[in-house]
Colleague: 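Quick one: the structure is below, questions incoming.
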Amino acid sequence: MADRFFPNTMPEFVAETTPSTPQEEEEALTVGDSLPKLLAMPQAPLWERLKRAALDLKETIVIETWGVTGQHVSERDYTLYCGLLGTAFLLFKSYQVTGNGNDLALCSQIVKACDAASLRSSDVTFICGRAGVCSLGAVAAKHAGDHQSLSYYLAQFEKIKLSKDLPDELLYGRVGFLWACLFLNKHLGQGTVPSSYTAMVVDEVIKNGRALGRKGRCPLMFEWYGEKYWGAAHGLAGIMHVLMDMELKPDELEDLRGTLKYMISNRFPSGNYPATEQDRRNDALVHWCHGAPGMALTLVKAAKVFGDKEFLDAATEAGEVVWNRGLLKKVGICHGISGNAYVFLSLYQLTGNVKYLYRAKAFACFLLDRAHKLISRGEMHGGDRPYSLFEGVGGMAYLFLDMVNPSLSKFPAYEL
């Protein structure tokens with residue numbers, strides 16, 4: 001199991017050094033060339049250093065994913081998960097952090113190419129489908145003041161049809177479409193996607209979850225390709241996470257609460273969570289997609305929604321699992337160090353405890369100091385799509401940008 005992650009030998013806490021002269025302040029931006037120095041660096045110069053690294057990496061990602069392809073997007077390569085829409089999403093994040101209009105313009109250009117490539121796609125979600133293209137396109141168009149493109153993308157979004165055989169999970173299913181609706185309403189205003197429409201989708205998800213839940217002890221249960229997954233990508237954690245942002249009836253909220261309590265009561269003794277309902281023995285995966293990280297993010301939201309101390313306690317316990325076993329030998333957002341760092345950012349926002357900010361900083365500093373060296377030596381997997389948002393260094397760049405203002409950070413395409 002230990003071959004999945006690097007032992008976390010970083011101190012539980014490192015006091016920041018405080019530069020006393022302008023020269024020392026300038027040196028702090030460039031001198032911290034080892035992990036101990038980075039951990040001791042004051043926040044302001046460290047956040048600036050992470051931002052510089054992110055912007056440099058963003059330029060490389062654009063060249064490798066957009067420039068090398070001749071600014072062409074294939075029908076298989078448009079998604080946010082590992083395709084060009086992920087590059088556009090990173091550019092939009094960079095625009096939000098820096099205000100650079102060139103990033104917004106390039107984001108819109110790439111989305112336009114993704115739009116053409118995805119026209120015949122039957123996938124409907126934000127991360128892996130057409131809804132991601134249309135919703136990001138609409139939001140970017142609003143920021144650019146492009147009313148014609150805004151109207152076009154919203155009209156295209158309305159044409160997306162959900163088939164009866166669609167699963168309910170996040171990456172390819174109904175709640176992945178619901179997340180796109182939430183994204184539009186957040187950025188364009190409540191009611192952009194009417195609640196009367198999303199309610200029909202929510203009703204279908206709840207109905208399916210209850211039907212399968214009646215066959216067991218859990219109020220809601222779902223299947224994807226015959227497996228009852230628990231994780232954020234394909235299972236309960238992701239579905240509960242999105243449903244908690246929807247308008248729900250009291251009995252539906254109680255089903256969500258009961259489902260989360262069932263998961264907590266059936267976690268591993270280590271505090272980690274099974275990948276599936278069927279396999280309760282494999283305590284190996286500490287990923288956003290399967291295991292404690294994705295569940296921790298969902299439990300943080302549950303603590304906010306329900307106010308139950310049980311959810312806060314379980315979230316902090318899951319956070320300990322991530323601290324001890326979350327320095328994965330992968331770099332990405334989905335199943336790598338970049339995604340796991342968001343657990344600490346989310347716990348920091350919930351609790352205000354600076355311990356979690358330090359832990360997020362520590363994971364980010366580990367990546368800044370060692371990721372490229374470890375990948376080049378073959379000791380860390382850079383992702384099958386090495387420049388993508390969810391598998392590759394695109395996620396690392398996104399994390400670095402989020403560290404500029406950690407109180408506002410959001411796990412991309414998961415936290416609103």
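Just so you know, these numbers come straight off a predicted model, no measurement behind them.
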Colleague: Does the distance from a Lys or Arg side-chain N to an Asp or Glu carboxylate O, for Lys329 and Glu379, drop under 4.0 Å?
Modeller: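 Between Glu379 and Lys329 there is no salt bridge, as every charged N stays at least 4.0 Å from the carboxylate O atoms.
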
Colleague: Pair Thr298, Tyr414 - check side chain to side chain donor-acceptor pair (under 3.5 Å), show working.
Modeller: CA-CA 10 Å; Thr298 296; Tyr414 196 58; 3.0 Å; yes

Colleague: Can Asp146 and Ser149 be said to form a side chain to side chain donor-acceptor pair (under 3.5 Å), step by step?
Modeller: CA-CA 6 Å; Asp146 184 348; Ser149 292; 2.7 Å; yes

Colleague: Any chance CD of Gln278 has more than 12 other-residue heavy atoms, nucleotides or ligands included, within less than 6.0 Å?
Modeller: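 Enclosed: over 12 neighbouring heavy atoms sit under 6.0 Å from CD of Gln278.
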
Colleague: Before giving the answer on side chain to side chain donor-acceptor pair (under 3.5 Å), spell out for Asn266 and Arg280 the whole-Å C-alpha distance, their side-chain angles and the decisive distance to 0.1 Å.
Modeller: CA-CA 8 Å; Asn266 287 279; Arg280 300 289 186 82; 3.3 Å; yes

Colleague: Donor-acceptor check, side chain of Asp115 to backbone of Val111, threshold 3.5 angstrom: yes or no?
Modeller: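 Side chain of Asp115 to backbone of Val111, a donor-acceptor pair under 3.5 Å: no, none is there.
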
Colleague: Got a sec: does the OH of Tyr387 have more than 12 other heavy atoms crowding it under 6.0 Å?
Modeller: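 Not more than 12 within 6.0 Å, no.
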
Colleague: Can you tell me if Thr87 and Glu64 form a side-chain donor-acceptor pair at under 3.5 Å?
Modeller: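 Side-chain D/A pair, Thr87 to Glu64: absent.
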
Colleague: Any salt bridge between Arg325 and Asp283, counting N to O under 4.0 Å?
Modeller: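 Yes, this pair counts.
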
Colleague: What's the shortest heavy-atom distance between Ala138 and Leu154, and which atoms?
Modeller: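 Shortest heavy-atom separation between Ala138 and Leu154 comes out as CB-CD2, 4.1 Å.
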
Colleague: Give a yes or no on whether the backbone of Tyr95 and the side-chain of Asn100 come within a donor-acceptor separation of less than 3.5 Å.
Modeller: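 Pair absent, no side-chain N/O of Asn100 close to backbone of Tyr95.
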
Colleague: Decide, yes or no, whether a salt bridge links Glu223 with Lys228 under the criterion of side-chain N to carboxylate O below 4.0 Å.
Modeller: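 Yes, this pair counts.
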
Colleague: To the closest 0.5 Å, what do you measure between CG (Asn102) and SG (Cys107)?
Modeller: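 Going from CG on Asn102 over to SG on Cys107, the span is 12.5 Å.
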
Colleague: Stepwise, does the side chain to side chain contact (heavy atoms under 4.5 Å, CB included) test hold for Phe5 with Leu328?
Modeller: CA-CA 4 Å; Phe5 60 90; Leu328 303 177; 4.2 Å; yes

Colleague: Less than 4.0 Å between a side-chain N and a carboxylate O, is that true for Asp402 and Lys410?
Modeller: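 Between Asp402 and Lys410 there is no salt bridge, as every charged N stays at least 4.0 Å from the carboxylate O atoms.
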
Colleague: State plainly whether the residues Glu169 and Arg174 are in salt-bridge range, i.e. N to O under 4.0 Å.
Modeller: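 Not counted as a salt bridge, because no side-chain N and carboxylate O are separated by less than 4.0 Å.
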
Colleague: Can any side-chain N or O of Glu317 pair as donor or acceptor with the backbone N or O of Asp313 at less than 3.5 Å?
Modeller: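 No, Glu317 side chain to Asp313 backbone: no donor-acceptor pair under 3.5 Å.
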
Colleague: Taking the six-membered ring for Trp, are His290 and Tyr229 closer than 6.0 Å centroid to centroid?
Modeller: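 Yes; Tyr229 has its ring centre under 6.0 Å from that of His290.
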
Colleague: Under the 3.5 angstrom rule, does the side chain of Lys361 hit a backbone N or O of Leu39 as a donor-acceptor pair?
Modeller: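 Yes, because the side chain of Lys361 sits within donor-acceptor range (under 3.5 Å) of the backbone of Leu39.
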
Colleague: Would you find a donor on one side and an acceptor on the other, under 3.5 Å apart, between the side chain of Ser118 and the backbone of Ser121?
Modeller: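 No, the answer is negative, given that no donor and acceptor are paired below the 3.5 Å cut-off.
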
Colleague: How about OH on Tyr172, more than 12 heavy atoms from neighbouring residues, nucleotides or ligands closer than 6.0 Å, or not?
Modeller: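 Atom OH in Tyr172 is not crowded, with 12 or fewer foreign heavy atoms closer than 6.0 Å.
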
Colleague: Evaluate side chain to side chain contact (heavy atoms under 4.5 Å, CB included) for Phe363 paired with Asn8, printing each intermediate quantity in order.
Modeller: CA-CA 10 Å; Phe363 271 38; Asn8 187 354; 4.1 Å; yes

Colleague: Determine whether the aromatic ring centres of residues Phe311 and Phe306 are separated by less than 6.0 angstrom.
Modeller: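 Centroid separation for Phe306 and Phe311: below 6.0 Å.
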
Colleague: Using a strict threshold of under 4.0 Å (side-chain N to carboxylate O), is an ion pair present between Glu310 and Arg257?
Modeller: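 A salt bridge is absent here (no side-chain N lies under 4.0 Å from a carboxylate O).
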
Colleague: Please give me the minimum heavy-atom distance between Leu285 and Ala275, naming the atom from each residue.
Modeller: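 Scanning both residues, the minimum pair turns out to be CD1-CB, 4.1 Å.
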
Colleague: Check for a donor-acceptor pair, side chain of Asn208 on one end and backbone N or O of Glu204 on the other, with a separation under 3.5 Å.
Modeller: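 Checked: pair present.
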
Colleague: State whether the side chain of Asp279 and the backbone N or O of Pro274 hold a donor-acceptor pair below 3.5 Å, judged by distance alone.
Modeller: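 Here the side-chain-to-backbone pair does not exist.
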
Colleague: Stepwise, does the side chain to side chain contact (heavy atoms under 4.5 Å, CB included) test hold for Leu57 with His372?
Modeller: CA-CA 11 Å; Leu57 193 51; His372 291 300; 4.2 Å; yes

Colleague: Has the side chain of Ser135 got a donor or acceptor atom that lies under 3.5 Å from a matching backbone atom of Ala180?
Modeller: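 Not confirmed, Ser135 side chain does not pair with Ala180 backbone.
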
Colleague: Could you report the tightest heavy-atom contact between Ala113 and Trp66, atom names first, then the distance?
Modeller: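 In terms of heavy atoms, the two residues are closest at CB-CH2, 3.7 Å.
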
Colleague: Between Lys37 and Asp369, does at least one N-O distance fall below 4.0 Å, as a salt bridge requires?
Modeller: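 No, Lys37 and Asp369 are not salt-bridged.
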
Colleague: What's the spacing between Asp123 CG and Cys128 SG if we round to 0.5 Å?
Modeller: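 The distance works out to 7.0 Å.
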
Colleague: Decide salt bridge (Lys or Arg N to Asp or Glu O under 4.0 Å) for Lys355 and Glu12; before the verdict, give the C-alpha distance in whole Å, the side-chain angles of both, and the deciding distance to 0.1 Å.
Modeller: CA-CA 8 Å; Lys355 173 180 80 171; Glu12 286 287 338; over 6 Å; no

Colleague: Check whether any side-chain N or O of Asn272 sits under 3.5 Å from a backbone N or O of Ala292 as a donor-acceptor pair, and report yes or no.
Modeller: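 Confirmed, Asn272 side chain pairs with Ala292 backbone.
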
Colleague: Can you list the steps and then say if Met403 with Leu345 is a side chain to side chain contact (heavy atoms under 4.5 Å, CB included)?
Modeller: CA-CA 9 Å; Met403 291 299 298; Leu345 291 169; 3.9 Å; yes

Colleague: If every non-hydrogen atom of Leu299 is compared with every non-hydrogen atom of Ile264, which pair is closest and at what distance?
Modeller: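 Taking every non-hydrogen atom into account, CD2-CD1, 3.8 Å.
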
Colleague: Closest heavy-atom contact between Gly319 and Phe344?
Modeller: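 Of all heavy-atom pairs spanning Gly319 and Phe344, the closest is O-CE2, 3.5 Å.
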
Colleague: Quick one: NE2 on His234 to CD on Glu227, what's the gap to the nearest 0.5 Å?
Modeller: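 Nearest 0.5 Å value for the NE2-CD distance: 11.0 Å.
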
Colleague: Take atom CZ of Arg377 as the centre, draw a 6.0 Å sphere, and report whether it contains more than 12 heavy atoms from other residues, nucleotides or ligands.
Modeller: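 Atom CZ in Arg377 is packed in, count exceeds 12.
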
Colleague: Is the gap between the ring centers of Phe411 and Tyr342 under 6.0 Å?
Modeller: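 Close enough - the centres of the two rings lie under 6.0 Å apart.
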
Colleague: Between Trp288 and Asn340, which heavy-atom pair has the shortest distance, and what is it?
Modeller: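 Looking at all heavy atoms of both residues, the shortest contact is N-OD1, 4.0 Å.
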
Colleague: Let me confirm one number: the CD1-OG distance from Ile160 to Ser122, rounded to the nearest 0.5 Å.
Modeller: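 Taking CD1 in Ile160 and OG in Ser122, the distance rounds to 11.5 Å.
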
Colleague: Donor-acceptor pair, His381 side chain versus Gly383 backbone, under 3.5 Å?
Modeller: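 A pair under 3.5 Å: yes.
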
Colleague: Does the ring center of His143 lie less than 6.0 Å from the ring center of Phe92?
Modeller: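 Yes, the ring of His143 comes within the 6.0 Å limit of the ring of Phe92, centre to centre.
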
Colleague: Please determine if Asp103 and Lys93 form a salt bridge, counting it only when a charged side-chain N lies under 4.0 Å from a carboxylate O.
Modeller: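 Answer for the salt bridge query: no.
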
